[in-house]
Amino acid sequence: MERTFVMVKPDGVRRGLVGPILTRFEQKGFKLQDLKLMMIDRELAEQHYGEHRERPFFGELVSFLTSGKVCAMVWEGPNAIAGARLLIGQTNPANAAPGTIRGDFALEVSENIIHGSDSAESAGREIALFFGDAEEPDIPRFNIDEID
Ligand code: RTP
Ligand code: MG
């Protein structure tokens, strides 16, 4: 069993695509482990996309990511990291196959709707970055892992 971090970017939230995206992941069979709608500050956006710091589009990417609410999620299932990337499709929506999220809902690389972790190392890092230590929730709640 594997966990991955997925995030609907501000363009996806603005366009009302959270529902259709949740549906695709649920229909595939992945299990939703955590979810929150949130604003990202500049520091979190820069940390999240730290590997692209030297790329020419980095400033634009960070501005875009902080331009509105995102929907951060953790999904679980066999091969969840690669499986989520298959549902998401190629980085540039112009090359993304129909049937994938980017292939069906987006036109341009700068507004490509959704993020998915690209490796086990990224997934662990990104889940910690966005959801912190699951053992210490900031709001008292039932332990969701004990509910089927
Ligand atoms: P993501 O991290 O958002 O899931 O996307 P990805 O793995 O498919 O692609 P990555 O190489 O990690 O790029 C991160 C985001 O940067 C923007 N980008 N712009 N203008 C460009 O050539 C360009 N290349 C990448 C995209 O928004 C991409 O999602
Ligand atoms: Mg990436």
Side-chain angles (χ1 to χ4, degrees), residues 1-41 43-52 57 61-148:
M1 217 44 99
E2 197 171 78
R3 284 185 176 198
T4 192
F5 176 71
V6 171
M7 175 173 65
V8 182
K9 299 180 185 181
D11 55 335
V13 174
R14 273 194 287 271
R15 289 176 51 197
L17 296 174
V18 172
I21 288 168
L22 288 173
T23 299
R24 288 181 182 220
F25 279 83
E26 289 187 328
Q27 284 175 334
K28 179 68 179 172
F30 293 125
K31 222 175 155 209
L32 185 61
Q33 293 296 317
D34 216 335
L35 174 147
K36 65 180 167 187
L37 199 60
M38 61 188 286
M39 287 294 295
I40 299 185
D41 62 20
E43 192 187 341
L44 179 55
E46 286 177 357
Q47 276 183 283
H48 172 67
Y49 278 127
E51 65 177 308
H52 298 308
F57 56 81
L61 182 59
V62 168
S63 297
F64 170 60
L65 217 65
T66 56
S67 69
K69 288 176 186 168
V70 302
C71 184
M73 302 173 261
V74 179
W75 290 93
E76 186 178 273
N79 207 26
I81 297 166
R85 302 264 300 179
L86 283 174
L87 290 182
I88 288 169
Q90 293 272 310
T91 305
N92 188 340
N95 305 325
T100 65
I101 293 165
R102 288 169 175 163
D104 287 349
F105 296 129
L107 290 167
E108 293 184 74
V109 71
S110 56
E111 300 204 358
N112 61 3
I113 306 284
I114 184 168
H115 161 80
S117 304
D118 62 8
S119 65
E121 191 268 328
S122 299
R125 189 179 69 83
E126 292 166 5
I127 290 168
L129 204 52
F130 282 82
F131 289 97
D133 186 351
E135 302 307 311
E136 292 179 28
D138 48 5
I139 303 165
R141 63 184 188 191
F142 294 107
N143 182 353
I144 56 169
D145 293 332
E146 290 170 5
I147 301 167
D148 192 31

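Rounding to the nearest 0.5 Å gives a distance of 10.5 Å between CG of Leu32 and CZ of Phe25. To the nearest 0.5 Å, atom CZ of residue Arg14 and atom CG of residue Asp11 are 6.5 Å apart.
Residue Leu129 qualifies as enclosed at atom CG: its count of foreign heavy atoms under 6.0 Å is above 12. Around CD of Glu108, the count of heavy atoms belonging to other residues, nucleotides or ligands within 6.0 Å does not exceed 12.
Pairing each heavy atom of Val13 with each of Cys71, the nearest pair is CG2-N, 3.9 Å. For Met73 against Leu35, the heavy-atom pair with the smallest separation is CG-CD1, 4.0 Å. In plain terms, the two heavy atoms of Ile81 and Ala123 that are nearest each other are CD1-CB, 4.0 Å. The two residues Phe30 and Ala80 come nearest to each other via the heavy atoms CE2-CA, 3.7 Å. The two atoms that bring Ile113 and Ala106 nearest to each other are CG1-CB, 3.7 Å, heavy atoms only. A pairwise comparison of heavy atoms in Ile88 and Thr100 identifies O-CB, 3.7 Å as the closest pair.
Using modelled atom types, no side-chain atom of Asp104 and backbone atom of Pro98 make a donor-acceptor pair closer than 3.5 Å. Proximity of a side-chain donor or acceptor of Lys9 to a complementary backbone N or O of Phe64 within less than 3.5 Å is not detected.
No side-chain heavy atom of Lys28 sits less than 4.5 Å from a side-chain heavy atom of Leu86. Taking 4.5 Å as the limit, some side-chain heavy atom of Leu65 sits within range of a side-chain heavy atom of Met7. Counting heavy atoms from C-beta outward, Met38 and Leu44 have side chains that approach closer than 4.5 Å. In this structure, the side chains of Ile114 and Arg24 stay at 4.5 Å or more apart for every pair of heavy atoms. Counting only heavy atoms from C-beta outward, the side chains of Phe130 and Val74 never approach each other to under 4.5 Å.
Of the residues listed (Arg125, Arg85, Glu126), the one engaging Ser117 in a side chain to side chain donor-acceptor pair (under 3.5 Å) is Glu126, and it is the only one.
Residue pairs that meet the side chain to side chain donor-acceptor pair (under 3.5 Å) test with at least one member in residues 73-83, sequence neighbours left out, are Arg3-Glu76. Residue pairs meeting the side chain to side chain donor-acceptor pair (under 3.5 Å) criterion with at least one partner in residues 88-98, sequence neighbours excluded, do not occur; the list is empty. Screening residues 104-123 for ring-ring contact (aromatic ring centres under 6.0 Å, His included) gives Phe5-His115, His48-His115, Tyr49-His115 as the qualifying pairs, with residues at least two apart or on separate chains.
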